[in-house]
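All chains are named by letter (A, B, ...) in the order of the sequence lines, taking the proteins before the strands, and each is independently numbered beginning at 1. For clarity, every value in this text was computed on a predicted model and none was experimentally measured.
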Amino acid sequence: MFDIRLLRDDPVAVKAAMARRRADVDIDAVCDIDGRRRSAIYALEQLRARQNKAGEEIAGRKRTGQDAQDVITEMKSIKEEIASLEDQARQVDDDLQAALLALPNVPDASVPEGVNENDNRVERVVGEPPAFDFTPKDHVEIAERLELVDFGRAAKISGARFTLSLGAGALLERALINFMLDIHTGEHGYNETLPPLMVNSASMQGTGQLPKFSEDLFKVENTDYWLIPTAEVPLTNIHRDEILDVAQLPLYYTAYTPCFRSEAGSYGKDTRGMVRVHQFNKVEMVKFTTPESSWDELESLTANAETILRRLGLAYRVVSLCAGDLGFSAAKTYDLEVWLPAQNTYREISSCSNFTDFQARRANIRFKRGKKPEFVHTLNGSGIAVGRTVVALLENYQQEDGSVRIPEALQPYMKGKTVIANQG
RNA sequence: GGAGGGUUAGCAUAAUUGGUAAUGCACCGGUCUUGAAAACCGGCGGCUUCGGCCUUGAGGGUUCGAGUCCCUCACCCUCCGCCA
């Protein structure tokens with residue numbers, strides 16, 4: 001939720017922030033609604049004060065056995081006035097809420113200028129892409145030849161953009177999930193959770209998916225349940241409408257969950273394979289922090305995600321999203337992009353963001369250290385996308401005979417296997 | 001799915017026939033003390049144009065006035081049914 005005070009105090013700065021994002025929003029209109037709301041509420045409160053005074057008068061007279069009919073008659077007419085003012089106030093308040101919910105977060109000063117992903121800034125490049133003395137195959141060909149994934153039958157069972165992992169392919173996903181969770185819980189201090197995969201509308205609004213982005217989500221018919229597009233939603237909403245003690249902060253949570261995305265608007269993009277699917281597995285990390293520590297926490301969160309890629313020996317780079325490419329709720333985002341030999345490029349495998357107090361305002365997540373409760377800062381990052389990690393492993397560790405080596409760190413999770421070869 | 005009971009501040013508990021939310025614990029500040037405890041005093045939800053206004057799970061309704069009466073919904077507990 002956008003802080004209305006920022007708007008009242010410095011509308012020029014807010015306009016500049018929205019321009020950096022290329023957000024199409026009318027800040028003057030929002031300021032105007034805010035002004036009308038405040039005067040409507042003031043008028044309403046004046047009337048209510050009279051009504052409360054009259055109520056005391058009536059109660060006092062009745063207690064002493066006097067007649068109060070004249071005051072009651074007067075209050076009957078005020079009642080109608082109040083009702084009409086209440087309607088006005090409610091209308092303008094709804095308008096303001098809707099306007100504020102539609103405003104994206106303010107980008108941090110360190111976020112690079114730019115319009116789209118071409119303007120993202122490469123922060124660092126880690127590891128060497130592997131050199132092949134043969135032409136590397138893409139993950140679809142590798143997976144099908146090794147019978148790790150059956151795309152045809154997945155389409156029969158469900159439809160396009162679904163996967164059916166089998167045998168060593170299914171084991172590989174399970175191994176990666178356990179590998180990632182063990183590192184985040186054992187070494188990085190995250191609390192393991194297994195959250196609901198369906199959440200209500202209030203939770204979706206709390207993290208910013210609703211009301212603007214419902215077309216990206218799957219809704220369960222005849223209910224108020226939505227399938228989560230990321231574990232960020234249930235994890236961040238763990239503390240919705242709560243006041244935490246400052247001593248509890250920072251709080252770290254991690255979870256493995258399937259994620260469900262409609263991928264509306266991506267027709268024709270990544271139609272092949274398991275890079276862009278309606279259901280994929282992901283390990284997610286979420287942090288609740290004090291405002292002053294959230295920027296350091298973003299760096300360590302990103303480092304936690306990088307640890308997974310390093311242990312698996314995958315080459316990657318870290319990019320800072322430019323203002324125009326930033327997600328709705330984020331103040332700053334680092335994407336981790338893993339090297340994919342068959343595409344001869346880096347592809348997103350993790351996204352780590354600081355949402356500052358934006359989600360905390362929407363979800364009403366506060367902490368107390370003085371007299372007044374303050375909003376926490378929330379952060380989250382993929383730690384990391386499991387399906388795309390499978391893609392990266394298959395492509396980077398493939399051998400000329402079609403088999404795939406298993407990185408050493410993962411072997412204990414793969415029943416000691418060192419290589420996935422054709423079982424036939 | 002059916003029946004019954006419940007939801008009041010961080011926690012716990014009150015509120016005559018409807019009359020405008022009381023109290024305890026915890027917590028914070030102060031007095032006292034070498035320090036602490038105890039005791040005592042004050043504070044202890046949000047907003048405010050500092051006049052006030054709002055706050056009893058959510059939203060409606062009746063009423064001059066609703067924690068209280070009526071309706072819808074959410075969640076929790078007990079039992080029955082169904083079920084991995």
Item checked: Nearest-Å distance once atom C1' is located in both B:A74 and B:A84 -> 26 Å

Next item on the list: Using the P atoms only, state how far B:C73 lies from B:C79, rounded to an integer number of Å.
Entry: 24 Å

Notebook entry, point to check: How far, in whole Å, is B:U68 from B:C54 if one measures between their P atoms?
Noted result: 16 Å

Next item on the list: Measure from the ring center of A:F179 to the ring center of A:Y413 and say whether it is less than 6.0 Å.
Entry: yes

Notebook entry, point to check: Who are the salt bridge (Lys or Arg N to Asp or Glu O under 4.0 Å) partners of A:E232, not counting sequence neighbours?
Noted result: none

Margin query: Test of understanding: with side-chain hydrogen bond (donor to acceptor under 3.5 Å, both in side chains), list the residues that count as partners of A:S158, not counting sequence neighbours.
Written below: none

Check: Given the rule in the side chain to side chain donor-acceptor pair (under 3.5 Å) test, do A:D108 and A:N354 qualify, once you have shown the distances and angles that lead to the verdict?
Finding: CA-CA 9 Å; A:D108 184 61; A:N354 184 359; over 6 Å; no

Next item on the list: If a protein heavy atom is under 4.0 Å from the base, mark B; if only from the sugar-phosphate, S; if neither, -; do that for nucleotides 43-52 of chain B going 5' to 3'.
Entry: ---SSSB-BB

Margin query: Can you measure A:Q248 atom CD to B:C27 atom C1' for me and round it to whole angstrom units?
Written below: 15 Å

Note to self: Taking only the P atom of each, what is the distance from B:C41 to B:C32 in whole angstrom?
What the structure shows: 16 Å

Notebook entry, point to check: Name the one of A:D138, A:D335, A:D270 that satisfies salt bridge (Lys or Arg N to Asp or Glu O under 4.0 Å) with A:R347?
Noted result: A:D270

Checklist line | B:G45 versus B:A22 - spacing of their P atoms, nearest Å | finding: 12 Å

Notebook entry, point to check: What integer number of Å spans the P atoms of B:G30 and B:U16?
Noted result: 40 Å

Check: Can you tell which of A:T254, A:N304, A:T185 makes a side chain to side chain donor-acceptor pair (under 3.5 Å) with A:Y190?
Finding: A:N304

Checklist line | Member of A:E192, A:H239, A:K287 meeting the side chain to side chain donor-acceptor pair (under 3.5 Å) criterion with A:Y253 | finding: A:H239

Checklist line | Reading 5' to 3' through nucleotides 64-76 of chain B, protein heavy-atom contacts under 4.0 Å coded B for base, S for sugar-phosphate only, - for none | finding: BS-----------

Item checked: SB check A:E144 A:K137 (cutoff 4.0 Å) -> no

Check: A:H188 vs A:H184 aromatic rings, parallel, tilted or perpendicular, using cut-offs 30° and 60°?
Finding: tilted

Next item on the list: Treat primed atoms plus P, OP1 and OP2 as sugar-phosphate and everything else as base, then score nucleotides 7-14 of chain B 5' to 3': B for base contact with protein heavy atoms under 4.0 Å, S for sugar-phosphate contact only, - for none.
Entry: --------

Checklist line | Residue of the set A:D93, A:D95, A:D94 for which salt bridge (Lys or Arg N to Asp or Glu O under 4.0 Å) holds with A:R37 | finding: A:D93

Checklist line | Separation between the C1' atoms of B:U20 and B:A66, rounded to whole Å | finding: 9 Å

Note to self: Does B:G5 count as syn, meaning its glycosidic angle lies within 90° of 0, or as anti?
What the structure shows: anti

Check: Under a 4.0 Å N-O cut-off, is there an ion pair linking A:E187 with A:R311?
Finding: yes

Item checked: Interatomic distance at C1', B:U8 relative to B:G67, whole Å -> 7 Å

Note to self: Expressed as a whole number of angstroms, how long is the span from A:L85:CG to B:C54:C1'?
What the structure shows: 16 Å

Next item on the list: Inspect the contact between A:R161 and A:E263 and indicate whether a charged nitrogen and a carboxylate oxygen are less than 4.0 angstrom apart.
Entry: no

Check: Parallel, tilted or perpendicular: which describes the rings of A:F328 and A:F358, with under 30° parallel and over 60° perpendicular?
Finding: perpendicular

Check: Hey, is A:D32 close enough to A:R36 for a salt bridge, meaning N to O under 4.0 Å?
Finding: yes

Check: Using Watson-Crick and G-U wobble pairs with both distances under 3.5 Å, what is the 5'-to-3' dot-bracket string of RNA chain B, with [ ] for crossing pairs and | for pairs outside the strand?
Finding: (((((((..(((......[...))).(((((.......))))).(((....)))..(((((..]....))))))))))))....

